[in-house]
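Got a structure for you, written out below as structure tokens; questions coming shortly.
Remember, it's 1-based here, ligands and their atoms both numbered in the order they're listed. Throughout, numbering of the chain's residues begins at 1 and tracks the sequence.
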Amino acid sequence: MTGARKHVAAMAPYALADLGGTGGRPAASLAQNESFRPPCPGTFEAVMAAMADAALYPDPDWTELRSMIAARHDVDPDTILCGSGSLELIGCLARAFAGPHRAVLAPRHAYPYFRSAAQASEARFDTAPESDCTASADALLEAVRPDTGCVFLANPGNPTGTRIPGDEIRRLRSSLREDILLVIDEAYGEFADHLDAPLLDMAATGNTVVLRTFSKAYGLAGCRVGWGTFPAGIAVEVRKVLNPNNVSAISQAAARAALQDDAYMRATCAQTAERRDRTARKLAALGVRCLSSSTNFLLLDLESRERARSAEARLRSGGAVLRAQGAADLSHCLRMTIGRERELDNAIRLLETWTREDTP
Ligand SMILES: *Cc1c(COP(=O)(O)O)cnc(C)c1O
């Protein structure tokens, strides 16, 4: 059998959440940051109608979708590229702009896919310290090396849930070497839009890409639609390495319909925030601290790796799957998606019995 190229053979497979329950009981996933609401009602009809043309390839330029995104966010449609999820855009950015002498830099607890994308491009992956699990513009600037090619920053972050203000990101850009590509991943941007002025215009300021997705606030993770604003010179190169027919006609139709119901998306964000903060208070009452979150998930601090493992196993055996953390210095944490009410209640109940049994 042919061996893979050295840098690929050396990579660990990307670790998605293990969603298996135990004892044949189907587990409720609170592990993938999916929305607890179905997509808005208009998407169902739109998807059915799009099937009529499913014998044809989709619009490779996402023309209608881009113009709707542009109108919604007040940006130039020509700056937008769409991806099969923002994961595709992250992977293609790394493929085009990172490599052996173009290292990728990210905060300490960066989104794990940034590392995979860097490694697949044969790029070194460097990290900068955070303070209180929050990215720091100054720490990133200090960690820049002569061969740094790209900085990837998720804001709000995943798995941390924390965010830095938009002004800090603008300051990072203006202090960063001009030849370094800055990628700002706003997968949870809709949950934080009320906190800050949007950054989507930063594509116009030079070497900066801002990414968004329909997977989280719009509840369309299964449709795989991401997008971003790109400077023209970056977009040209990324397009060369994208799948030329990357977003299915069905998914483009779903995303367009989702954009037509802004109220539904905003209600999702408001309900999520309310439920998230209520959940954090219930956890605090059990003695479980969470990081402050601007997303649809919470990072629970179980104080030690052993307690995190024990809580995770207890939750799993009761039918609730949380996301354990691989990074050595987050192994005392579990990430909990703000899922359906019943699933959250079950998880809290399980943690309550667990704290009673486990706490000396
Ligand atoms: C969920 C997530 C993504 C992936 O989004 P898709 O559009 O579904 O590919 C990207 N970045 C971060 C930080 C995420 O949490």
Using non-hydrogen atoms of the residue, decide whether Arg224 is closer than 4.0 angstrom to ligand 1. yes
So CD of Gln325 and SG of Cys333: to nearest 0.5 Å the spacing works out to 7.0 Å
Would you find a donor on one side and an acceptor on the other, under 3.5 Å apart, between the side chain of Asn155 and the backbone of Ile164? yes
What atoms of ligand 1 come within less than 4.0 Å of a heavy atom belonging to Ser215? 6 (P), 7 (O), 8 (O)
When you measure from the heavy atoms of Asp185 to every atom of ligand 1, does any distance fall below 4.0 Å? yes
Only residue of Leu93, Leu87, Leu81 satisfying side chain to side chain contact (heavy atoms under 4.5 Å, CB included) with Leu211 is Leu93
Looking only at distance, does Gly85 have an N or O less than 3.5 Å from an N or O of ligand 1? no
Once you measure the plane-to-plane angle for Phe114 and Tyr111, does it fall in the parallel (<30°), tilted (30-60°) or perpendicular (>60°) bin? perpendicular
Considering only protein heavy atoms, which is closest to atom 2 (C) of ligand 1, and at what distance to one decimal place? Lys216 NZ, 2.5 Å
Quick one: which ligand 1 atoms are inside 4.0 Å of a heavy atom on Leu87? 4 (C), 9 (O)
Distance alone, cut at 3.5 Å: any donor-acceptor contact between the side chains of Trp227 and Thr213? no
Taking the six-membered ring of Phe36, is the NZ or CZ of Arg275 close enough (under 6.0 Å from the centre) and on axis enough (within 45°)? yes
Between Cys269 and Arg266, does a side-chain contact (heavy atoms from CB on, under 4.5 Å) hold up when you go through it step by step? CA-CA 5 Å; Cys269 292; Arg266 279 185 284 130; 5.6 Å; no
Which of the ligand 1 atoms, numbered from 1, are nearer than 4.0 Å to a heavy atom of Tyr188: 1 (C), 14 (C), 15 (O)
Under 4.0 Å from a heavy atom of Asn158: give me the atoms of ligand 1 that qualify, with their elements. 13 (C), 14 (C), 15 (O)
Judged on heavy-atom distance to atom 4 (C) of ligand 1, which of Ser86, Gly226, Gly222 sits nearest? Ser86
